[in-house]
Amino acid sequence: MTDPCILICNQLNRHREVLHGALRAQRPHLRVHAVAPGEIAAGFGCSDPRLIICSDPAIIQCTRPDAFILLYGDDENRAHVGIGGALRTLFDATLPQLLSVIDEVWPAPDHPNE
């Protein structure tokens, strides 16, 4: 079994880079990759991401991850979350809420960086 991989490929570069840095700092035991949406096919060090954070639902459909966070759903300040077929919406999603979603996918005993 390979190490868990999170792929961040939302449209806004600065948001993608900030999320990448925050997730690497808060969950150092996970592999986190950030790529522009158009670079997914080029390879990014994670051939089978278990969680995708993106802003384009077509990326979720073509990669079929175990879990996803779709940011800016309907061009509004919300995120749609899917884990194992269960869907929910986060309104005004915060970093702690995103970390909570990640912890649902990969439970870890301690998170000393929070």
Side-chain angles (χ1 to χ4, degrees):
M1 183 174 181
T2 61
D3 291 334
C5 175
I6 297 172
L7 176 62
I8 304 169
C9 56
N10 58 313
Q11 197 61 253
L12 300 174
N13 182 53
R14 67 184 166 273
H15 291 183
R16 184 171 56 245
E17 294 304 320
V18 167
L19 270 175
H20 182 249
L23 295 184
R24 290 192 71 194
Q26 295 294 318
R27 298 297 182 269
H29 62 287
L30 299 174
R31 291 186 308 134
V32 181
H33 300 277
V35 298
E39 298 174 355
I40 290 175
F44 43 81
C46 181
S47 61
D48 188 22
R50 289 176 44 200
L51 173 67
I52 290 185
I53 301 173
C54 66
S55 54
D56 181 355
I59 292 171
I60 296 165
Q61 293 171 350
C62 75
T63 56
R64 303 217 180 263
D66 295 339
F68 67 84
I69 300 173
L70 178 63
L71 299 174
Y72 327 116
D74 305 321
D75 291 326
E76 299 205 10
N77 189 11
R78 66 175 137 199
H80 300 292
V81 175
I83 301 174
L87 302 173
R88 69 178 185 267
T89 301
L90 301 174
F91 295 93
D92 299 320
T94 63
L95 180 60
Q97 288 174 309
L98 299 180
L99 292 170
S100 177
V101 170
I102 291 168
D103 294 342
E104 287 180 56
V105 178
W106 297 288
D110 294 313
H111 301 297
N113 295 329
E114 289 182 7

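Since this is a predicted model, take the numbers as computed values, not measurements.
Using modelled atom types, no side-chain atom of H33 and backbone atom of I8 make a donor-acceptor pair closer than 3.5 Å.
Distance check: I53 CD1 to I6 CD1 gives 6.0 Å after rounding to the nearest 0.5 Å. Remark: T89 OG1 to H80 NE2 distance equals 5.0 Å, nearest 0.5 Å. Separating the CG atom in L90 from the CD1 atom in I69 is a distance of 7.5 Å, to the nearest 0.5 Å. Separating the NE2 atom in H29 from the CZ atom in R24 is a distance of 13.0 Å, to the nearest 0.5 Å. Distance CG/L95 to CG/L23: 6.5 Å, rounded to 0.5 Å. Annotation: the span from C9 atom SG to I59 atom CD1 amounts to 4.0 Å, rounded to 0.5 Å.
Applying the side chain to side chain donor-acceptor pair (under 3.5 Å) criterion to Q97, with sequence neighbours excluded, gives T94. Scanning for side chain to side chain contact (heavy atoms under 4.5 Å, CB included) contacts around A36 gives R16, E39, with sequence neighbours left out. Remark: L12 pairs with H15, Y72 by the side chain to side chain contact (heavy atoms under 4.5 Å, CB included) rule, at least two apart or across chains. For S100, there are no side chain to side chain donor-acceptor pair (under 3.5 Å) partners two or more places apart in sequence or in a different chain. Every side chain to side chain donor-acceptor pair (under 3.5 Å) that E104 has, sequence neighbours left out, goes to R88. Listed by chain and residue number, N77 satisfy the side chain to side chain contact (heavy atoms under 4.5 Å, CB included) test with D92 (two or more places apart in sequence, or in another chain).
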Full working for side chain to side chain contact (heavy atoms under 4.5 Å, CB included) between L87 and F68 | CA-CA 10 Å; L87 302 173; F68 67 84; 3.7 Å; yes
Test side chain to side chain contact (heavy atoms under 4.5 Å, CB included) applied to D103 and R27, step by step | CA-CA 9 Å; D103 294 342; R27 298 297 182 269; 2.9 Å; yes
Could you go step by step and tell me if L19 and L71 meet the side chain to side chain contact (heavy atoms under 4.5 Å, CB included) rule?
-> CA-CA 12 Å; L19 270 175; L71 299 174; 3.8 Å; yes
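Residue-environment remark: CD (E17) exceeds the threshold of 12 foreign heavy atoms within 6.0 Å.
The shortest side-chain heavy-atom distance between I102 and L51 falls under the 4.5 Å cut-off. With a 4.5 Å cut-off on side-chain heavy atoms, D56 and P37 do not count as touching. With a 4.5 Å cut-off on side-chain heavy atoms, R50 and C5 do not count as touching.
The minimum heavy-atom distance between S55 and L70, with the atom names listed, is C-CD1, 3.6 Å. Minimum interatomic distance between W106 and L30 (heavy atoms only, all atoms of both residues): CE3-CD1, 3.8 Å.
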